[in-house]
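It should be emphasised that the depicted structure is a prediction, and the values quoted were computed from it without experimental measurement. Just so you know, residue 1 is the first one in the sequence shown, and it goes up from there.
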Amino acid sequence: MKAVLVDDEKPARETLELMLEQYCPDVELMASLQSAREAIDYLEEHKPDILFLDIRMPDKDGFDVLEESKLDGVNVIFTTAFDQYALKAFTVSACHYLLKPISPKYLIEAVSRARENREGGKTLQFLRELMKTRKEGFPDKMLFPVKKGYEVVHVEDIVHLEGERNYSYVHTRNGNRFLVARTLKELEEALNPALFCRVHHSHIVNISDIRRILSGNNYSLIIGDDLEIPVSRSRKNTLLDLLKSRW
């Protein structure tokens, strides 16, 4: 696969170049560019399979490159050190951002997913929609990897998230379940706390889907199709305060 790297910091470019050479030998680096303007000009004539794109750069940023370039069929992988919105928007899919300093594990995973998703069409459509609302605090859609690419899911359709060590299961209203390589804490930070509540160290629920609250020695919730979710004692008051403020 052919790749283009865009980052205004020379050490960051050199580090990623070395990592690609060492960990992703099947990736051919076409160009290493230092500005968004340079990238826009280059991409007018060249089409890579993967674009590693820094978000914050002088003058124009990575979102400007996405908006002004014809990138249909290109897998865009944002690289960032601190852009909080990007982290919230892309936290469920390592294919769409790499947090600096870049981990070899996540670099290999991102390149692997890009290889599986050669066309990149749905990815770019998702990124463009995010770009329109990137100043908002929380994304209204998330992208989940599936066998043949990715599926765009409205956040409001997420019913329940269940953590299992470094992975999480995301359950949606239509019965789908997605396994993502993210901790429950990472997903919690990406979701609006006015809509989702961490009720247990292993569970986050969409409060709109709570059907019943069971009390006794221990609290629990009934959500969806009679699924019972435990509520830890330390989180009970937070849940009740949130429900009172909504209802």
Side-chain angles (χ1 to χ4, degrees), residues 84-97 99 109 113 122-123 125-127 129-130 132-247:
Q84 292 303 309
Y85 181 78
L87 295 184
K88 288 177 180 178
F90 307 137
T91 191
V92 295
S93 180
C95 189
H96 302 111
Y97 86 90
L99 181 62
E109 182 179 343
R113 288 182 178 175
K122 183 170 286 189
T123 301
Q125 180 183 356
F126 174 77
L127 293 177
E129 290 177 3
L130 284 176
K132 295 176 183 178
T133 58
R134 66 182 184 269
K135 293 182 180 179
E136 297 177 3
F138 298 94
D140 61 358
K141 297 178 183 178
M142 288 182 168
L143 199 66
F144 296 99
V146 292
K147 285 186 178 180
K148 294 186 178 180
Y150 302 87
E151 183 161 340
V152 178
V153 175
H154 288 267
V155 170
E156 63 184 17
D157 290 332
I158 296 175
V159 175
H160 169 223
L161 301 94
E162 182 180 5
E164 188 173 303
R165 297 185 180 180
N166 293 326
Y167 293 84
S168 298
Y169 289 99
V170 181
H171 302 260
T172 62
R173 195 160 285 132
N174 61 4
N176 286 340
R177 185 178 78 158
F178 303 95
L179 177 65
V180 294
R182 289 292 178 268
T183 65
L184 206 60
K185 178 176 176 58
E186 289 174 305
L187 292 176
E188 181 182 16
E189 292 173 352
L191 296 168
N192 189 337
L195 305 177
F196 291 86
C197 185
R198 180 82 172 264
V199 298
H200 187 272
H201 68 85
S202 298
H203 300 280
I204 295 174
V205 299
N206 184 333
I207 63 173
S208 298
D209 288 274
I210 296 175
R211 296 177 49 208
R212 190 180 311 153
I213 303 173
L214 304 178
S215 60
N217 292 333
N218 297 296
Y219 268 72
S220 62
L221 304 173
I222 301 297
I223 65 171
D225 296 328
D226 293 326
L227 177 64
E228 186 170 349
I229 302 295
V231 177
S232 63
R233 292 183 180 181
S234 61
R235 299 178 188 273
K236 180 183 72 174
N237 290 336
T238 299
L239 171 65
L240 294 177
D241 289 344
L242 178 59
L243 294 179
K244 290 175 183 177
S245 68
R246 285 290 305 275
W247 301 337

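Residues that satisfy the side chain to side chain donor-acceptor pair (under 3.5 Å) test with R211, not counting sequence neighbours, are D226. Shown here are the side-chain contact (heavy atoms from CB on, under 4.5 Å) partners of N176, two or more places apart in sequence or in another chain: E151, T172, N174, F178. When the salt bridge (Lys or Arg N to Asp or Glu O under 4.0 Å) test is applied to K185, the partners found at least two apart in sequence or on another chain are E189. Under the side-chain contact (heavy atoms from CB on, under 4.5 Å) criterion, R212 pairs with L214, I222, sequence neighbours left out. The side chain to side chain donor-acceptor pair (under 3.5 Å) check on T238 picks up nothing, with sequence neighbours excluded. Under the side chain to side chain donor-acceptor pair (under 3.5 Å) criterion, S220 pairs with E228, not counting sequence neighbours.
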Go through the steps to decide whether V205 and V159 satisfy the test side-chain contact (heavy atoms from CB on, under 4.5 Å), and finish with yes or no.
CA-CA 6 Å; V205 299; V159 175; over 6 Å; no
Does the pair I158 and H171 meet the rule for a side-chain contact (heavy atoms from CB on, under 4.5 Å), with working shown?
CA-CA 6 Å; I158 296 175; H171 302 260; over 6 Å; no
Using the side-chain contact (heavy atoms from CB on, under 4.5 Å) rule, take L161 and Y169 through it: C-alpha gap first, then chi angles, then the decisive distance, then the call.
CA-CA 6 Å; L161 301 94; Y169 289 99; over 6 Å; no
Assess the residue pair I204 and V199 against the criterion (side-chain contact (heavy atoms from CB on, under 4.5 Å)); give the C-alpha distance rounded to whole Å, side-chain angles, the decisive distance to 0.1 Å, and a yes or no.
CA-CA 6 Å; I204 295 174; V199 298; over 6 Å; no
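Of all the heavy atoms in H160 and L227, the pair that sits closest is ND1-CD2, 3.8 Å.
Listed by first and then second residue, the ring pair (Phe, Tyr, Trp, His ring centres under 6.0 Å) pairs involving residues 181-200 are H200-H203 (not counting sequence neighbours). Screening residues 193-207 for salt bridge (charged side-chain N to carboxylate O under 4.0 Å, His left out) gives E188-R198 as the qualifying pairs, with residues at least two apart or on separate chains.
Taking CD from E164 and OG from S202, the interatomic distance works out to 9.0 Å, rounded to the nearest 0.5 Å. Atom SG of C197 and atom CG of L240 lie 9.0 Å apart (nearest 0.5 Å). The distance from atom CG of L239 to atom CD1 of I207, rounded to the nearest 0.5 Å, is 8.0 Å. One finds the CG atom of D209 at 11.0 Å from the CD1 atom of I229 (value rounded to the nearest 0.5 Å). For the atom pair CG of L191 and CG of N206, the computed distance is 9.0 Å after rounding to the nearest 0.5 Å. Residue L184 holds its CG atom at 4.5 Å from OG of S168, rounded to the nearest 0.5 Å.
Side chains of N218 and R233 form a contact here, defined as non-hydrogen atoms less than 4.5 Å apart. Residues Y167 and L179 meet the side-chain proximity criterion, which asks for heavy atoms closer than 4.5 Å.
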